[in-house]
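Structure, as structure tokens:
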Amino acid sequence: MADPSSYRPRPGEIPDSPGVYRFRDEHRRVIYVGKAKSLRQRLANYFQDLAHLHPRTRTMVTTAASVEWTVVSTEVEALQLEYSWIKEYDPRFNVKYRDDKSYPYLAVTMNEEFPRVQVMRGQKKKGVRYFGPYGHAWAIRDTVDLLLRVFPVRTCSAGVFKNAARTGRPCLLGYIGKCSAPCVGRITPDDHWDLADEFCDFMAGRTGTYLRRLERQMAEAAEEMEYERAARLRDDIGALKKAMEKSAVVLADATDADLIAVAEDELEAAVQIFHVRGGRVRGQRGWVTDKVEEITTGALVEHALQQLYGEESGDAVPKEVLVPALPDPVEPVQQWLTERRGSGVSLRIPQRGDKKALMETVQRNAQQALVLHKTKRASDLTTRSRALEEIAEALDLDSAPLRIECYDISHLQGDDVVASMVVFEDGLARKSEYRRFQIKGFRGQDDVRSMHEVITRRFRRYLAEKEKTGEWADGEGPTDGDRYPNGDAAPDDGAALTDGQELTAGPALKDDDGRPKRFAYPPQLVVVDGGQPQVAAAQRALDELGIDDIAVCGLAKRLEEVWLPREDDPVVLPRTSEGLYLLQRVRDEAHRFAITYQRAKRAKRFRAGPLDDVPGLGETRKQALIKHFGSVKKLRSATIDQICEVPGIGRKTAETVAVALARATPAAPAVNTATGEIMDDEDGAPETTADAPGEPVSAGTPDERRGQER
């Protein structure tokens, strides 16, 4: 591992001008390529105190053994040179997008005497017009089969073409009218080239001209009573319209645009691109990359643009490129795209309308692509085994942690404080073992104290079971229909145990031999979401209970550092470590489970009403009361005799309801925040948003409210 000060350039050597720089390792291999508006300012950032560098940047500068640079005149030249060097050297620390597959294109070889329509993959060739990419090759063949009725362009290979020319007999497509048979001279080279050019125009989105021409010819044939010809033209029009229907119109005004969306986490990023031509989605593609360097969303977009348009020119670069974040600075990138197209290119973030709605669809596709990539990666047995071994080695464990439990605390500004426990066995989630906790030992916001309480409660149960039986059997959580001793039903997802909810050993909770099932196995590793304070609280809870055979660590989200008890410095796992990936996935699952529970509790609290406190009044009879009277306000003013008129409500229950409503203080009136109007309580419950049933309407946007959640 090299010391960056050993190869740091002397003061004054680095020019203060645009350029591209390369870091090389001790074997002279290029490991990183970057560009800068000012080489002096950018390179100075790499040679500061290592403690102030991001872990990924720190790894790069300590792996490097030298740095060199090339001065250019403009930022656009720097962008072009950076792309060329990344393609040439394939540096290990640069962002490199991996195509999740080799996408097929519909290609027309306009560089040949008799252009051919075919499916092509891989490197693009000069003089060939490409359309797509498509998700599947069969989608291209279906489209071509429909269009050959109107544009009978050659589709055969060179060998078939030469053989037909030698024998003087065309192939089957020539006999059925789906090829103009240039191989036997039925059409001249110039006419066939024009036919292929019309095919390209139609695929490029200029469809109206050909449809109108065919409709005019069909009408003329009908007037001249050439009904067979008119029927053929009618079928041709139907084929064109069917081909057009395969890609729905998504943008008006025959827009040509590419929409790029990015979904990312701390370790990886997925990019999805929708190609819109003539207002229709003509193709889609996606990439996945490891975030080897510290990088912003705008920089990820810039690298995606380089890979997408680095080898393109002319119409292959659309007039509009819509992105989720702009590169910084944006002017050189926009100028580079304009030079590649040969005319102006608009690079911007969509703000409203159809383009913003389509961008949201592309974003969902990117998110799904990232989730699918992670799922495929997690399902591999070899990868999971390596991840567990790396964790054991990094944390100095005696064996691989086959069972990992992770804990997270969630609240909204100190209210509804809850915790989650998720379980991973053999590297896979075991959802039947998930548990949820309400923090009851104190009120307010204190993540450290909450973590101590949760760990204490969970392992106090473990010790009680161990002392009771002396052994551990395969345990499962309560399932739908099981009940706790206090009469509360177990949650549907089998995921919540709180104080006072001890499981009975009823028939549904017994093993085949009659022994009661247990709360859970003891884990080999406890992971907490947080840094040193949370880790110390978890370890203190275990120490107080006398448990010394369970390892504890914490994963801090900001820098993905692994913290151990009583250690001043974190453990930094390698960026490409499968162990780090597994720990991150466990932590993220705990956070998701905790915040879901916290939101459900908050929604339930806001929906609570005075009828909830009436003993013996179930949900069905509450709904019957509200339906009969129309609102809680009208029910509150009703007499006991009037309440008794509701089916299922006896006099004793009616008296209890009347007393409960009389004691309850009416809630403050709701206010329409848009108009300032005071809303009368006519539905018996606080208003809820239409797109999030049960979530209370509160001040601030959804993003602002989510930002307050922990």
Side-chain angles (χ1 to χ4, degrees), residues 104-120 124-132 134 137-222 224 226-247 277-278 282 315:
Y105 284 81
L106 170 58
V108 184
T109 57
M110 301 299 291
N111 56 350
E112 298 182 4
E113 181 183 8
F114 297 100
R116 176 191 175 192
V117 176
Q118 61 182 320
V119 177
M120 276 192 178
K124 292 186 177 180
K125 300 176 182 178
K126 188 176 181 180
V128 179
R129 294 195 64 178
Y130 292 88
F131 303 95
Y134 287 78
W138 56 260
I140 300 177
R141 297 188 181 98
D142 284 352
T143 301
V144 171
D145 186 62
L146 290 169
L147 295 181
L148 288 180
R149 288 184 55 92
V150 186
F151 308 105
V153 186
R154 167 199 164 203
T155 57
C156 59
S157 65
V160 173
F161 186 88
K162 290 178 181 178
N163 185 61
R166 181 178 56 82
T167 61
R169 294 194 304 270
C171 63
L172 178 62
L173 293 180
Y175 283 111
I176 65 176
K178 288 194 172 183
C179 179
S180 55
C183 54
V184 295
R186 290 185 184 175
I187 187 172
T188 65
D190 289 341
D191 289 342
H192 185 268
W193 197 94
D194 291 339
L195 190 64
D197 190 50
E198 291 180 351
F199 178 91
C200 292
D201 284 346
F202 185 87
M203 288 301 302
R206 293 181 282 275
T207 59
T209 302
Y210 300 99
L211 286 174
R212 287 192 294 271
R213 185 179 68 186
L214 290 177
E215 289 170 351
R216 185 172 59 253
Q217 292 175 357
M218 181 181 66
E220 292 173 355
E224 296 171 3
E226 297 179 7
Y227 298 119
E228 291 185 3
R229 178 168 168 262
R232 286 197 302 272
L233 290 170
R234 177 201 62 199
D235 293 342
D236 290 347
I237 294 171
L240 291 182
K241 289 183 176 179
K242 188 174 181 181
M244 292 167 59
E245 288 170 359
K246 286 182 175 292
S247 54
R277 299 295 182 269
R282 297 293 184 182
D315 290 341

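Keep in mind the model is a prediction, meaning the values are calculated, not measured.
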Given Met120 and Thr109, is the side-chain contact (heavy atoms from CB on, under 4.5 Å) satisfied, shown in steps? CA-CA 10 Å; Met120 276 192 178; Thr109 57; 4.0 Å; yes
Would you say Phe199 and Val117 make side-chain contact, with heavy atoms under 4.5 Å? yes
Residues two or more places apart in sequence or in another chain: which of them pass side chain to side chain contact (heavy atoms under 4.5 Å, CB included) with Pro170? Tyr175, Ala181, Cys183, Val184, Arg186
For the backbone of Phe114 and the side chain of Arg154, can you confirm whether one donor and one acceptor N or O come within less than 3.5 Å of each other? yes
With sequence neighbours excluded, what pairs up with Glu226 under the salt bridge (Lys or Arg N to Asp or Glu O under 4.0 Å) test? Arg229
Summary of side-chain hydrogen bond (donor to acceptor under 3.5 Å, both in side chains) pairs that have at least one residue in residues 189-200, sequence neighbours excluded: Thr188-Asp191
Side chains of Met110 and Val128, heavy atoms from C-beta outward: is any pair under 4.5 Å? no
Backbone N/O of Val153 and side chain of Ser180: donor-acceptor pair under 3.5 Å: no
Rounded to the nearest 0.5 Å, the SG atom of Cys200 sits from the CZ atom of Phe151 at a distance of 10.0 Å
List, one per line, each side-chain donor-acceptor pair under 3.5 Å for residues 159-169, sequence neighbours excluded.
{"residue": "Asn163", "atom": "OD1", "partner": "Arg166", "partner atom": "NH2", "Å": "2.4"}
{"residue": "Thr167", "atom": "OG1", "partner": "Asn163", "partner atom": "O", "Å": "3.0"}
{"residue": "Thr167", "atom": "OG1", "partner": "Ala164", "partner atom": "O", "Å": "3.4"}
{"residue": "Thr167", "atom": "OG1", "partner": "Arg169", "partner atom": "N", "Å": "3.4"}

Can you name the side chain to side chain contact (heavy atoms under 4.5 Å, CB included) partners of Leu148, sequence neighbours left out? Val144, Thr155, Lys178
Quick one: list whatever passes salt bridge (Lys or Arg N to Asp or Glu O under 4.0 Å) with Glu220, sequence neighbours left out. none
Say you draw a straight line from SG of Cys156 to CD of Gln118; how long is it, rounded to the nearest 0.5 Å? 10.5 Å
